[in-house]
Amino acid sequence: MELRPLIGALGAEVFGADLSQPLGDNMAETIRGALWEHQVLVFRDQKLTIEQHKAFARKFGKLHIHPFIYAKSLPGEPEVLRVVKEKEDRRVFGERWHSDVTFLEKPLLGSALYAIDVPTKGGDTLFANAYAAYEALSDTMKAMLEPLTAIHETEVPEVDPVTHERIEPMRLVKKSGEHPVIKVHPETGKKLLYVNTTYTARIKGMTDEESKPLIDYLCAHATKAEFCCRVNWKPGTLTFWDNRSTQHLPINDYHGQRREMHRIAIET
């Protein structure tokens, strides 16, 4: 297996790995180590069935079922989330910078996103390095943030923002989790900035008015260009990312074209 860094900030393309074949323990540990080092791994030209995609993800942990979007899962496959934008859709799922489901008390280990149908141009995904964002803060800012806890929340809307279909009332549940603003990654021991535009609602112990300027600044800082890489998708591309040390943003620049991805998330 060969790794070629995408750019300086984070990310690597992986060559010499056929994910349709069962992963041995040694190969799985090699991939796991590469994930902690590079944070985003891109596997090209894969030909995966749903079961092969799931088998790959299971080598790294228990598969996660999204608490709200079961209706978007593949029929009979609740762990496989269909991320689809049809030609007529104007909005894209996950349209703001985020780490997946940080409103949960226990963050996900990572996600494995597999490209099924992609536009002829556009539809890339940006990833941001939360370690680099932390390191670039001043010592004074780091010291101020160290004791702070952020509250991450989500509310499921009554109408799906992409399809405009009404969401079943049973799924209208508000979720809330608390996480340190400066988090220590459990595998690498490195500190990272753990806030995102989509789910970070306020700083614990502060009012919304007090929290907003700080959260806005930190979210803008965390996604500066020098902390980011860009993944271009082709059918058969699988991207595996560390959900705790990255954020991501799907770029909505392919109106009139269809894009379908299958995402499997992995619990810690």
Side-chain angles (χ1 to χ4, degrees), residues 6 11 13-14 17-21 40-58 60 63-101 108-127 154 156-157 159-168 171 198 229-243 246-267:
L6 291 175
E13 288 201 49
V14 182
D18 180 358
L19 304 185
S20 69
Q21 300 302 309
V40 177
L41 301 179
V42 182
F43 300 82
R44 302 288 187 189
D45 302 317
Q46 303 296 316
K47 293 180 172 61
L48 302 180
T49 65
I50 294 167
E51 284 305 316
Q52 288 165 343
H53 187 183
K54 290 166 62 176
F56 168 79
R58 280 199 186 99
F60 304 96
L63 305 189
H64 174 74
I65 298 176
H66 198 289
F68 298 132
I69 315 188
Y70 184 87
K72 291 182 180 293
S73 300
L74 290 177
E77 302 286 353
E79 307 96 339
V80 185
L81 184 68
R82 291 181 71 236
V83 182
V84 181
K85 184 187 178 196
E86 300 293 354
K87 292 180 179 181
E88 62 274 15
D89 294 335
R90 300 297 295 178
R91 300 180 68 178
V92 64
F93 179 69
E95 61 188 346
R96 295 187 296 169
W97 278 105
H98 64 285
S99 300
D100 289 331
V101 296
L108 300 178
L109 180 149
S111 295
L113 186 64
Y114 182 57
I116 304 297
D117 188 15
V118 301
T120 56
K121 60 180 179 179
D124 294 355
T125 302
L126 296 175
F127 291 88
T154 188
V156 180
V159 176
D160 187 298
V162 176
T163 66
H164 306 294
E165 296 176 355
R166 185 169 180 81
I167 297 172
E168 298 94 321
R171 290 164 55 212
T198 299
C229 73
R230 182 171 181 145
V231 173
N232 174 257
W233 298 92
K234 302 293 182 187
T237 297
L238 183 139
T239 298
F240 183 25
W241 66 84
D242 178 357
N243 193 61
T246 66
Q247 296 187 50
H248 57 279
L249 175 73
I251 301 175
N252 190 12
D253 61 349
Y254 54 100
H255 299 308
Q257 298 192 71
R258 187 177 189 276
R259 180 178 185 267
E260 178 172 352
M261 323 288 275
H262 292 174
R263 193 204 79 180
I264 297 179
I266 302 157
E267 297 181 0

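Only heavy atoms go into these numbers, but all of them, side chains included; no hydrogens, no water, no symmetry mates. These figures come from a predicted structure and were not determined experimentally.
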- Task: Using a 4.5 Å cut-off on heavy atoms from C-beta on, say whether the side chain of Glu77 contacts that of Arg82.
- Result: no
- Note on the structure: Distance col, row Phe43:CZ vs Thr237:OG1, nearest 0.5 angstrom, shows 11.5 Å
- Task: Given side chain to side chain contact (heavy atoms under 4.5 Å, CB included), test Tyr254 with Val118 step by step and report yes or no.
- Result: CA-CA 9 Å; Tyr254 54 100; Val118 301; over 6 Å; no
- Query: Does the pair Arg259 and Ile116 meet the rule for a side chain to side chain contact (heavy atoms under 4.5 Å, CB included), with working shown?
  - Reply: CA-CA 8 Å; Arg259 180 178 185 267; Ile116 304 297; over 6 Å; no
- Query: Mind checking whether Phe240 and Phe56 have parallel, tilted or perpendicular rings, split at 30° and 60°?
  - Reply: perpendicular
- Query: Is the backbone of Ala112 close enough, under 3.5 Å, to the side chain of His53 for a donor and an acceptor to pair up by distance?
  - Reply: yes
- Task: State, with a plain yes or no, whether a side-chain heavy atom of His248 is found less than 4.5 Å away from one of Val231.
- Result: no
- Query: Less than 4.5 Å apart, any side-chain heavy atom of Trp241 and any of Asp100?
  - Reply: yes
- Measure the shortest side-chain to side-chain distance between Arg58 and Leu63 over non-hydrogen atoms and say whether it is less than 4.5 angstrom. yes
- Note on the structure: From the list Thr125, Thr239, Asp242, side chain to side chain contact (heavy atoms under 4.5 Å, CB included) partner of Val40 resolves to Thr239
- Message: Is any side-chain heavy atom of Ser111 closer than 4.5 Å to one of Arg263?
- Response: yes
- Query: Once you round to the nearest 0.5 Å, how far does NZ of Lys85 lie from CZ of Arg90?
  - Reply: 6.5 Å
- Does the side chain of Lys54 come under 3.5 Å of the side chain of His262 through a donor N or O and an acceptor N or O? no
- Message: Does any part of the side chain of Glu95, heavy atoms only, come nearer than 4.5 Å to the side chain of Leu249, both counted from C-beta?
- Response: no
- Taking side chain as C-beta onward, heavy atoms only, is Lys121 less than 4.5 Å from Asp253? no
